[in-house]
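Report on one structure; see the data block that follows.
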Amino acid sequence: MDNERGNRRSGYGSTDPVRYPQSAAAPVRTKRAFVLLLLTVFIPGSAQLVAGSRSLGRKALAVTLSVWVLLIAAGIIALVNWTLLVTIVTHRWTSLVLVGVLALLAVFWAFLFLDTLRIIRPKLLAPGMRPIIAVSLVALMGLTAGTLGYSAYLLNVSRNTIGSIFESRPAFDPVDGRYNFLLMGGDAGAGRTGLRPDSIQVVSVDAKTGQTVMFGIPRNLQNAPFPDDSPLKQVYPNGFDCGDECIINALYEDVVQNHADLYPGAKDPGAEGMKDAVTGILGIEIQAYALVDMGGFEQLVDAMGGITVDAGNWVPISNRTIPGTNQHYPPKGWIAPGVQKLDGYHALWYGRSREFATDYDRVQRQQCVMQAMVKQLDPATVLTRFQQLAAAGEQVVETDIPGEQLGSFVSLAMKAKGEKIERLTVGPPDFGTAADNFVTYPDFDQVHSRVQEKFIQKEETKSKAASKPKESGNDDGGSGSADQGTSGSGSGGDSAAQETPAEQAPATAEPEITEEYLQQLAEIGDTATLGTLLADNGNCKVP
């Protein structure tokens with residue numbers, strides 16, 4: 001500083017327009033102002049170094065270089081070990097440090113912009129340039145320091161969401177090379193006693209490859225067995241077998257009301273009981289669960305921007321129940337066949353509707369909805385709709401997945417997005433028919449065998465995918481339902497195609513299946529025809 005004062009007194013360097021703009025022409029001063037702003041944008045601290053306090057400039061440059069080094073290190077980590085980077089960002093303590101660092105950097109960068117404005121000395125600018133420089137500074141400050149501050153805010157939202165949803169429990173290892181998650185859609189609506197998980201799905205993911213198999217369990221499945229180490233084995237040694245009252249979706253509330261003491265310390269005893277039951281049903285250990293409130297499910301889908309499914313047939317949006325009966329008033333609307341972009345309301349009804357169809361059709365549609373969410377919840381969606389997703393997730397999701405394991409599961413989910421998801425329903429169409437009562441008297445040895453076959457089949461399919469052409473009609477990974485064709489599609493198979501015109505039966509005039517026609521059938525109470533027309537409305541795919 002003493003040398004600067006001496007030089008200024010002696011006149012040395014007083015003609016330098018960068019440090020001494022008062023001697024420069026107006027165009028030079030304007031150019032100098034924009035250059036200093038750009039220096040503060042791209043190399044924070046360099047404007048101070050060349051035209052202001054060199055001491056502040058050197059400190060700011062040291063911070064800038066440190067940030068660049070950290071960004072380069074983060075990029076290398078992302079290339080070498082993406083899971084580690086996600087773990088750092090999602091861990092409760094490291095994320096708190098990152099929030100603080102981002103906030104401090106945002107404040108410091110904003111301070112450098114204000115100091116740059118002082119260095120520019122707006123009074124020396126032409127009157128018409130002063131507002132332009134001011135607006136430019138505010139815009140650039142918002143783009144840089146504002147973006148950092150908003151990033152700190154979003155990271156803090158993420159941290160709070162993770163803390164409220166995920167458990168602070170030790171991480172768990174895969175079993176036989178797979179992670180098995182129980183996903184339940186809980187419905188505690190008006191007129192219901194307690195919560196009943198009407199949607200019961202298991203997602204089994206290969207811990208190395210991300211290859212995924214999804215198992216659907218109908219809500220009316222009976223006689224669910226319990227593994228030997230389950231405390232419910234003492235209460236129900238022969239399985240959950242008290243008759244029609246003991247369908248699988250009644251177990252949750254039974255445990256909450258009558259056997260919560262069997263799971264001391266559990267956040268949700270009902271969910272723990274469901275994990276034990278599904279372990280017995282499938283013959284694979286269920287390690288974690290996620291319970292989604294179906295009443296808030298549509299918020300989650302809306303936060304995603306909707307989901308896209310290829311609906312195989314018409315699906316009704318049920319109206320309220322007629323008092324004193326088990327029947328409904330005519331549907332409030334219909335979801336049409338074909339590729340549909342569903343908002344939260346229609347996605348919820350697509351997954352929960354079972355009017356004029358069966359529970360097994362509904363299970364398949366629920367699998368399609370979940371598959372669509374996995375496939376379409378990409379990083380771009382998360383980044384652009386982060387706040388909405390975080391808010392919706394905090395309201396509707398309960399889980400016992402460890403927060404510290406979130407990084408590895410996010411990485412695994414990214415792998416799973418590139419994989420074809422296999423599907424199996426513990427009931428029709430994969431096990432018997434609706435008339436066989438398989439879900440009332442299940443053969444669990446057969447189920448266990450088919451579950452293991454699915455894992456083997458998935459591995460074999462992966463290894464042969466490059467050489468074996470894809471079979472038509474089985475794009476969704478279903479084990480049989482997709483091959484049955486779509487009602488009214490006009491596909492009669494090879495035998496029909498080989499008939500000569502003389503051999504073909506005379507064509508009969510059939511009404512076109514439209515929303516108006518289906519609604520008319522519902523209004524006159526022709527449930528038999530509707531049941532025939534909608535019998536395969538669980539036949540769906542994810543485009």
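This chain uses plain numbering: 1 for the first residue, then up along the sequence. Note that these values count all heavy atoms, side chains included, but never hydrogens, waters or copies made by symmetry.
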Donor-acceptor pair, distance only, cut-off 3.5 Å: does the side chain of Asn437 make one with the backbone of Thr440? no
Contact check, side chains of Glu272 and Tyr289, non-hydrogen atoms, under 4.5 Å: yes
Side chain proximity check, Gln201 to Met370, heavy atoms < 4.5 angstrom: yes
In terms of ring plane angle, is the pair Phe409 and Tyr179 parallel, tilted or perpendicular, where the classes change at 30° and 60°? perpendicular
Contact check, side chains of Gln364 and Asn539, non-hydrogen atoms, under 4.5 Å: no
With Phe240 as reference, evaluate Asp254, Leu221, Ile248 under the side-chain contact (heavy atoms from CB on, under 4.5 Å) test and give the passing residue. Asp254
Test item: Thr279 side-chain N/O and Ile286 main-chain N/O as donor-acceptor pair under 3.5 Å: yes
Is it true that Asn223 and Asp241 share a donor-acceptor pair across their side chains at a distance under 3.5 Å? no
Ion pair present between Arg354 and Asp361, side-chain N to carboxylate O less than 4.0 angstrom? no
I'd like to check the side-chain contact (heavy atoms from CB on, under 4.5 Å) partners of His448; sequence neighbours left out, ordered by chain and number. Phe444
Lys267/Asp400 salt bridge by N-O under 4.0 Å criterion: no
Test ring pair (Phe, Tyr, Trp, His ring centres under 6.0 Å) applied to Phe431 - qualifying residues, sequence neighbours left out: Phe438
Kindly write out the residues that satisfy side-chain hydrogen bond (donor to acceptor under 3.5 Å, both in side chains) with Asp228, not counting sequence neighbours, or none if the list is empty. none
So, the side chain of Glu245 versus the backbone of Cys242: is there a donor-acceptor pair under 3.5 Å, distance only? no
Within 6.0 angstrom of Lys208 NZ, more than 12 heavy atoms from elsewhere: no
Mind checking whether Glu355 and Leu530 have side chains closer than 4.5 Å, heavy atoms only? no
Taking the side chain as C-beta and beyond, is there a heavy-atom pair between Tyr263 and Leu232 under 4.5 Å? yes
More than 12 heavy atoms of other residues, nucleotides or ligands under 6.0 Å from CG of Asp176: yes or no? no
